[in-house]
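Here the structure comes first, spelled out in structure tokens, and everything after it is commentary.
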Amino acid sequence: MTRKHCISLFATFLLAVASTFATSPLRAESSLREIADEVQRKIVKIYGAGGLRGLESYQSGSLISDKGHILTAWSYVLDSSVITVVLDDGRRFVAELAAADPRFGIALLKIDVEGVPFFNLDKGVSPQAGDRILSFSNLFGIAAGDEPASVLSGYVSAVTPLEARRSTFPSAYQGPVLIVDAIVNNPGAAGGALTDQHGHFAGLIGKELRSSRNDIWLNYAIPIAQLREPIEDLLAGRSRPIVDPEKEKPLSPLTLTHIGVVLVPDVLDKTPPYVERVERDSLAEAAKLQPDDLILYADGTLISSQKALVEKFSYMDRDDVVSLTVLRDGQLVELTLNELQ
């Protein structure tokens with residue numbers, strides 16, 4: 001799709017939205033413009049890695065504080081030493097990847113700015129099926145400078161658990177999502193915002209995903225209500241505790257040897273828990289762990305080092321069913337130990 005066609009598409013959507021907002025065309029146009037202007041000032045364009053093998057190097061983000069905190073989708077675009085953020089007024093910043101929570105597919109960027117407009121998460125809404133929504137994003141990379149983000153109008157078709165995959169890997173996030181009839185599953189849209197018709201934050205547009213059931217591309221957003229707690233953790237720089245301080249260690253704890261996995265040599269204070277080898281006929285092999293997998297989470301706890309993984313396992317019984325989230329070839333993969341026992 002050419003830029004000309006995209007801009008034409010955008011204009012068509014604006015007219016369609018305007019016609020639905022009020023009985024008076026002039027009032028509708030004014031109302032839409034005010035809402036769109038207000039929200040678009042909170043949307044940023046993000047540029048980073050990509051550009052090879054058809055991978056886009058851009059996506060979207062939403063300002064969630066007046067001090068330059070930006071909520072966006074966790075993706076390969078952020079896998080770059082230089083992440084550029086462009087505000088609605090065209091100002092450009094080099095952003096810091098402050099934190100991420102791959103379980104929810106979200107990341108937090110920080111730019112050196114103050115006094116910018118932002119989404120107040122306390123005013124977030126939870127739309128239901130049939131409610132009207134607006135989506136804002138850098139759709140197709142149309143905006144590069146001070147051009148406003150694209151806006152689409154639609155309705156929530158369903159609120160349902162996510163059963164989807166990206167490539168051959170299942171989505172790490174499997175909670176409820178908002179399925180919408182607006183086409184938001186497009187390059188550049190990831191990290192954009194879904195709002196109600198008054199501009200209140202309703203959801204984060206996720207990365208492109210296909211339904212696991214019928215292979216159809218999904219137009220979805222993760223409800224902001226599902227993201228409140230992890231966002232607050234990211235903003236506060238909190239990591240969830242490795243274990244409950246009141247919990248006692250079991251008599252037969254889980255160990256790396258027991259599950260049959262060997263990690264790369266632990267030579268640093270915080271050596272990442274990369275898998276070097278998986279023993280044959282082991283629990284790790286049954287769970288489909290593979291060499292070069294990076295273990296990110298164990299039972300929902302962020303694993304920041306090999307020592308943290310060993311500590312986490314020491315509080316688990318060998319018979320416990322344990323969920324692991326690993327990073328493999330740039331994709332998040334969910335695995336389960338002891339699933340069949």
Side-chain angles (χ1 to χ4, degrees), residues 9-45 60-73 87-89 106 115-139 142-143 146-160 176-186 189-206 219-229 231-232 235:
L9 175 65
F10 172 56
T12 302
F13 274 112
L14 277 180
L15 290 173
V17 175
S19 66
T20 63
F21 263 69
T23 55
S24 164
L26 290 178
R27 280 187 56 193
E29 184 178 354
S30 174
S31 177
L32 172 63
R33 183 180 299 116
E34 291 172 359
I35 294 171
D37 286 349
E38 180 182 352
V39 175
Q40 284 167 326
R41 287 196 292 272
K42 305 171 186 174
I43 303 297
V44 305
K45 307 104 178 179
S60 307
S62 303
L63 287 159
I64 56 172
S65 86
D66 63 349
K67 295 180 174 56
H69 292 97
I70 297 165
L71 176 67
T72 187
L87 301 187
D88 180 68
D89 59 12
I106 60 174
V116 289
F118 65 98
F119 286 105
N120 185 344
L121 298 183
D122 292 335
K123 296 183 179 179
V125 294
S126 300
Q128 302 300 311
D131 289 348
R132 189 189 307 279
I133 51 85
L134 298 172
S135 75
F136 296 83
S137 68
N138 187 18
L139 196 65
I142 294 174
D146 61 356
E147 303 92 342
S150 300
V151 54
L152 301 178
S153 172
Y155 290 88
V156 176
S157 302
V159 182
T160 181
V177 293
L178 305 169
I179 303 295
V180 299
D181 62 0
I183 311 300
V184 299
N185 195 349
N186 283 309
L194 203 72
T195 77
D196 67 4
Q197 57 183 320
H198 304 295
H200 297 134
F201 210 166
L204 175 79
I205 299 173
N219 294 300
Y220 76 101
I222 302 177
I224 197 63
Q226 296 293 316
L227 301 178
R228 284 296 304 273
E229 186 175 349
I231 290 173
E232 290 173 356
L235 284 170

Let me check something: any side-chain donor-acceptor pairs from residues 117-129 under 3.5 Å, sequence neighbours excluded? List them with distances.
unit_1, atom_1, unit_2, atom_2, d
Asn120, OD1, Asp122, N, 2.9
Asp122, OD1, Arg228, NH2, 3.0
Gln128, NE2, Ser126, O, 3.1

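- Looking at heavy atoms from C-beta onward, Ser137 lies out of side-chain contact with Ile43 at the 4.5 angstrom threshold.
- Looking at heavy atoms from C-beta onward, Val39 lies out of side-chain contact with Leu134 at the 4.5 angstrom threshold.
- When all heavy atoms of Ser157 and Val180 are compared, the pair lying nearest together is OG-C, 3.9 Å.
- A donor-acceptor contact shorter than 3.5 Å is absent between the side chain of Ser60 and the backbone of Gly191.
- Residues passing the salt bridge (charged side-chain N to carboxylate O under 4.0 Å, His left out) test with Lys45, sequence neighbours excluded: none.
- With hydrogens and angles disregarded, no donor-acceptor distance shorter than 3.5 Å links the side chain of Asn219 to the backbone of Asp181.
- Closest approach of Ile133 and Ala182 over heavy atoms only: CD1-CB, 4.5 Å.
- Counting heavy atoms from C-beta outward, Ser135 and Ile205 have side chains that approach closer than 4.5 Å.
- In this structure, Thr72 and Val44 have side chains that are not in contact, with every pair of non-hydrogen atoms separated by 4.5 Å or more.
- A pairwise comparison of heavy atoms in Ile183 and Leu152 identifies O-CD1, 3.2 Å as the closest pair.
- At distances below 3.5 Å, not a single donor-acceptor pair connects side-chain atoms of Asn138 with backbone N or O atoms of Ala149.
- The two residues Ala193 and Phe201 make their nearest non-hydrogen contact at CB-CE2, 3.6 Å.
- Residue Phe136 comes nearest to Thr195 through the heavy atom pair CE1-OG1, 3.6 Å, listed as atom of the first residue, atom of the second, then distance.
- The two residues Leu139 and Ala189 have their closest heavy-atom pair at CD1-CB, 4.1 Å.
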